[in-house]
Each structure stands twice: as structure tokens, then as C-alpha cells.
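Hydrogens, waters and symmetry mates are skipped; everything else that's a heavy atom, side chains included, is used. Throughout, a chain's letter reflects where its sequence line sits, starting with A, and its residues are numbered from 1.
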Protein chains: 2
Amino acid sequence: MNVRNVGENIMNKKITIIEIAEMAEVSTATVSRVINNTGKVETGKKEKILELIEKYDYRPNQIAKALQARKSNTIGFVVPHINSPYYAGIFYETEIAAKKRGYTLLLCNSEADKRLESNILDTFVSANVRAIVFMGGRLDDMSIDKKYINEIEKINKKIPIISCVDIPELNCAQVYQEQKISADELLKHLSKEGYKDIALLGGYANIRTTAKRRKEIIENADRYGISIRKDIIESDYSVEGGNVAMQELLKSPQLPEAIICINDLVAIGALSETYKSNVKVPDDIAISGYDNLDISSFIFPGITTIACDYKAYAEAIVDMIQNIDNIAKNTRRTVQANLIVRGSTKRNA
Amino acid sequence: MNVRNVGENIMNKKITIIEIAEMAEVSTATVSRVINNTGKVETGKKEKILELIEKYDYRPNQIAKALQARKSNTIGFVVPHINSPYYAGIFYETEIAAKKRGYTLLLCNSEADKRLESNILDTFVSANVRAIVFMGGRLDDMSIDKKYINEIEKINKKIPIISCVDIPELNCAQVYQEQKISADELLKHLSKEGYKDIALLGGYANIRTTAKRRKEIIENADRYGISIRKDIIESDYSVEGGNVAMQELLKSPQLPEAIICINDLVAIGALSETYKSNVKVPDDIAISGYDNLDISSFIFPGITTIACDYKAYAEAIVDMIQNIDNIAKNTRRTVQANLIVRGSTKRNA
DNA sequence: TTGAAAGCGCTACCAT
DNA sequence: ATGGTAGCGCTTTCAA
């Protein structure tokens, strides 16, 4: 039994501009003019139209509008997993910033799956989105080949793509975080606190973002009298990854004085292991992360982290979309990251 | 300088069904038939059309399709904050389940703001979404009035709304978690472990979901010889909320034997405070939460929790949308929650 | 200041 | 099996 279709009257049906026009005894053109504030309309008619719109709760059909305008106000957003707090943080701020400028966001999880990712891009092309924002996934993999680059660039010819990974060989708009200055800040801080023997923990070398973070740390450690251990215990980017990697590290004959984890989740996972093993943070070992998740400041001890400026990141993305038609195709924009020191690396906290 | 528009050729332009038809020397109707597999088409023509589609990377314009079909494959999803892991978890699974059935999801953060929330609903109505899934926000507030109910029900006449909060007086489809059985499980477990003096921590009484959780605990405690403290220290639903509430609780002349936190984030916040104060979990005090966030099983000790079955929840939502035209308007569906015991409440862990 | 009508890309109906 | 065409709801000329 179709309950929904029983007893519908005009109030329940979606009303169109035609009906408003008929009731106001004007043309649809006139109604369109008052809706969009384009062109003059006699006050009396205008009022009547506005009244009708109010009375019947009329909303212009954005689909029809998008069809005729040949462009929509929808932005496609791809992340591997929205339940990963870093991506959720970026998306959250982006949605808020975009909403202010009249955009609505489609969100898809690529699940780091190649085929899925392609399907999503197809979907976004079909949906005629205004732009596609692309985080993680294949993009973040060092091993992407010319074929993949071509696939992306081909789409980019039809629909602007914003990559949130720094890929020099990819010709599309890119927004990503600066790593050099913040790495310096972290090294300087750790050095000042007396941590000189440091290990890196978590992440995979073939992930661009990871490689970049590691590179900046390794290349600049010398200047602060810090030595970075050659062996990096790798792991995925989750708390569990941090657990596993830290269990491994704790087997070392000689613990490092500090560990720089690839992100806050891994840092939290590592921290948890120290509790199990009765290792004291930061006295026995200091721990730092990246991203500055909410939780990082509220657990004990707080996690020192290279913070992502989520708001600035989101603004940069939306701004780029806003101006996409007036900028060079390969425009790059970086967002500043900055160090936040907390108990996990402060001996006299 | 508009770089994007320089040197475009036919490969870069979005191609339409008309062009495919012309090149294949058939009518658009025929092309449409092969695209949608509706009606017979001569094999030769079919192949030629398919070739052309491949060659020019043609994708049907979903906007035009949606306009003519008078319905889209888009679902609107409203949450207060997608960077809250519980909502992110539900959304994540819903997007995956929905994608399998050809839906794409629009996601908006209501930021628990009344005006914003209304705007979002307007946006979704304008966007002609197939259904609107609604979590938290005003919906979850006890104090919603008849006016609000009317607003929602009015929209529900045009577009199916799925409420993820149990609201008896609201006439729309609803999907929410069962609380009774899982409360029983938790009480039974705590009782068996010897925790009889228990306090509730976090949340606000005027939030429906919170009130329901508390009610099921309070009403069933007796049966397990458990006494629930009358005073509930309230807080928001974050780790920080857990910090603040726990600091307050730790001032009590006599600590309870266990605390049931309103969610895992609050539980984690509470746990962190115990580290600061050198209170042992679970020996001095046991801690449990709700939701079963990923992190809850990987910190130390693991957090005992009443787990949300995210996948089942998502399936229920998408299933409801799929069948929305064939079910009664006020259809309710519940998702089973179940207890997961971890170190935070297990004395001999 | 206003309206008639073309057209956005697609599907579905009606002919053939 | 195939094509012509109306029409989805809207905006935007072009005339008046």
C-alpha cells in the first residue's frame, strides 16, 4: 500500500515556476526575475509573486536550473575514509566554507580502492559537479603511473580537480600543507628538550605525504644536533597501527629518546603501549604526532603535534574552486602547519 | 587569463547524446536505448554507439536525466558535525551501502544551528534529493515544539525524511538503536564483575538519545543489585567533556565503583583524567562507554562499550530509502546494539 | 516593464 | 527495430 501517495493535494506537490506565474497572472520570465533579482519588476506584481512563493513554499528546482545553466553548485569530494578524523576535519571545514558561498558537497569514500575511485570520478563527471576535491587514495601513492596521470588530467579538462596531495608531475590545481618550517619547529623543540636520539614511527614510504614528512625531518635533523634512526618501523595510519609499531619498537635493545609518529592516531596508539609496558612519557620516551586531532589535546599526556590548520586548508580549497576559471591549471597553494607543544614531549610539564 | 578555455577541442568538451546520435547516424532515442538497455537495438548500431561512447568518453548528464525523470539519485544527509566520529561512522557505512545501489550522498553539517539546519533542508528540497537522512541536531532535543514538528512533516510530504532519533510524536520514517537489551547486558556484566555503586557521566538530560540511554540503565539497575547514583555529572559529548566531568567526579568524597559514560569519547576523556590522578582503571574505578569507536579498542585499557553496529544501521537506512514508497509513513526500525567487554571494566583482564 | 519561446540533455510515447 | 518529438523546470534572449 502506497501511503505516501494517498490524499495528496497541491500543498504537498512540488510546485513549479509555471504555477506561480499562472497564479500571479504573469509570465514565468517575470517570476524568474523576482526570484533572481534580475531586471525590474513592477512592485505590485513583485509583491504578489513573493506572497505566492511564500504561501506555497515554492523552491526553484535546482536541477532544472543547473541543466539550463550548464553548471551546478555541487562540489565532489573524495576521501579514502571519512571516518578517519583527519579527512573528517578537512571535509567539515570545507563544507562550512563552501556552504557560505552557496555550494553543496557530495562526499564519496574511495576506500583506497582503484576501481571504486574511478567510478566515483565518473559519477562526479556525470553529476556535473563544479569541481572535484581529491584527498588521499591512489593520488597519494608514489607508484602512480603515466596512465593514471592521464586519467586525472583528462577529467581535469572537463571538470577542475583540486588535488590535496603535492604531485609535481600532475598538471592540476593543488592545495597541500607545508612541511619544512613545521619540521624545523619540531626538531628545534625536541632538541631544546634534550631529545637527540629519535626514531620515526608509522606510515609507509611509498605514500607521498609520508615520504615528504620524513624527508623534511631527516634532512634537517643535523642542524639541531639530532640523529634520526635509520630503521623506520612502518605501520598503517591508525591507532592500531601505532600499537603494533610501538610493540615492535619496545623490543629494541635501546629505546630512542623520542619518537616522531606519522600522525596523531599512531601517536595515540604508541602512547597506549607505553602504559601497558610501564614506560613513562615523556621521561622515558617522548612522542609527537601530526594533524592535531581534537582528541590529542585531551588525552593524557597531551600529544605534541604538527598541527593542520583545518580552517585555512578549507578556505584555500574553496577559494581555489571559486577562482578556478581565472587561475593557471597547475596552480599550487600551500597551507602553513605549525607546532603545538604538549605534555608528551615536555619533560617539566 | 583564462587558461582553462584555451585550446579546447571536442575531446575536452562535454559531449551529449545528440552528438553521439549524429555520429552514429541514429536518433537520440536509439542511443538512449543502448545506454539504458531498454528496448531492442540492432547489433551493428549498438556496437557503433558503444564505440563512440567509449571513444569520446561520453557520460550521460545526470542532471538532465534527473530533470526528466523528476527524481534524482542523490540522498541528503544531515549531521551536526561530521568530524564527530560517531556520525562519521554512520555516514561512512551509509555512503558505502548507498553507493552499491546507485545513490550519491550530499553531506551537510548543521552545526546544531537552528537556522542552518533549516537552510540545509531547503537546499535538499531544491536539490530534489531522493530522501533526507537526519541525525542529531534539533531533532535530538526534547524541547522541539509543534512548530518544528510541522516544519519537518511538511517537508516529509514532498521528500521522505528518515529520522535517526526516536521521536514518537513525529510522523516520519525512523531508524534508531535499541537501548534496552544492551543496557541489560552492560548491567549484568558490571554486576558480575562486582561493580554495584555506579555513576552516570556526561551528556545532557534534554537530549533524547541521552535520556533514553539513561532511562534504560536506571530502570533496570535494580534487577542486578546495582544502585545508580542520583547525581549525574553532565557534559558535552567530547573527550574534553569527559575530562571536565571526570575532574568533577574525582572530587567526590567517595568514588563510585564504576562509571557509565554517555559515549566513548567521554569515556576516553574520563580515562585520561584517571591517569593524571593516579586512579587505577578498572581496579579503583571501572569505565564504560557507548558507540564502539575504533579507538576504543586500541587505547589502554580498552573501553568496554555498548557498540553501535554501524553496518547494520547503514543498511537499515538505505533499505528504508529503497522502499520508501511502499512503507507506511511512520515506519520504525531499530538496530541492535550489543555489549563489548574490554579491559576498562574487567578486573582480571 | 513584460512576455513568448527557444533550448539545456535526456527519456518516453507514439508512429512507422 | 527505429525515429520524431514533447516535455521535465528553468533562464534568457528578443520583441513589443
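First and last contacting nucleotides of DNA chain C toward chain A (any atom under 4.0 angstrom from a heavy atom, 5' to 3' order): dT1(C) to dG9(C).
Between E54(B) and R59(B), none of the side-chain N atoms (NZ, or NE/NH1/NH2) sits under 4.0 Å from a carboxylate O, so this pair counts as no salt bridge.
Partners of D141(B) by salt bridge (charged side-chain N to carboxylate O under 4.0 Å, His left out), not counting sequence neighbours: none found.
Among N61(A), I35(A), I49(A), the one residue that satisfies the side-chain contact (heavy atoms from CB on, under 4.5 Å) test with I17(A) is I35(A). The side chain to side chain donor-acceptor pair (under 3.5 Å) test with Y148(B) is passed by exactly one of E153(B), K114(B), E117(B): E117(B).
Side chains of S118(B) and R138(B): a donor-acceptor N/O pair is present below 3.5 angstrom, by distance only. Between the side chains of Y58(B) and E19(B), no donor-acceptor pair of N or O atoms lies under 3.5 Å. One side chain, N128(B) or K14(A), offers a donor N or O that lies under 3.5 Å from an acceptor on the other. Checking Y103(B) against E95(B) by side-chain atom types alone, no donor-acceptor pair falls below 3.5 Å.
Each end of the helix from dT1(C)-dA16(D) to dT16(C)-dA1(D) gets its own axis from five base pairs, and the two axes differ in direction by 40°, given to 10 degrees.
Using a distance-only test at 3.5 Å, with no hydrogens or angles considered, no donor-acceptor pair links the side chain of T331(A) to the main chain of I327(A).
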Under 4.0 Å protein heavy-atom contacts per nucleotide of nucleotides 8-16 of chain D, with B for base, S for backbone only and - for none: BBBBBB---
CA sep, side-chain torsions, deciding dist, call: E25(B), K48(B), salt bridge (Lys or Arg N to Asp or Glu O under 4.0 Å): CA-CA 10 Å; E25(B) 294 172 296; K48(B) 184 159 187 189; 3.6 Å; yes
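Contact check of residues 118-130 of chain A against DNA chain C (heavy atom, cut-off under 4.0 Å) returns no residues at all.
For the residue pair D166(A) and Q174(A), the shortest heavy atom distance occurs at CA-OE1, 3.5 Å.
Annotation: ring pair (Phe, Tyr, Trp, His ring centres under 6.0 Å) contacts involving residues 62-83 of chain A, sequence neighbours excluded, comprise F77(A)-F91(A), H81(A)-Y92(B).
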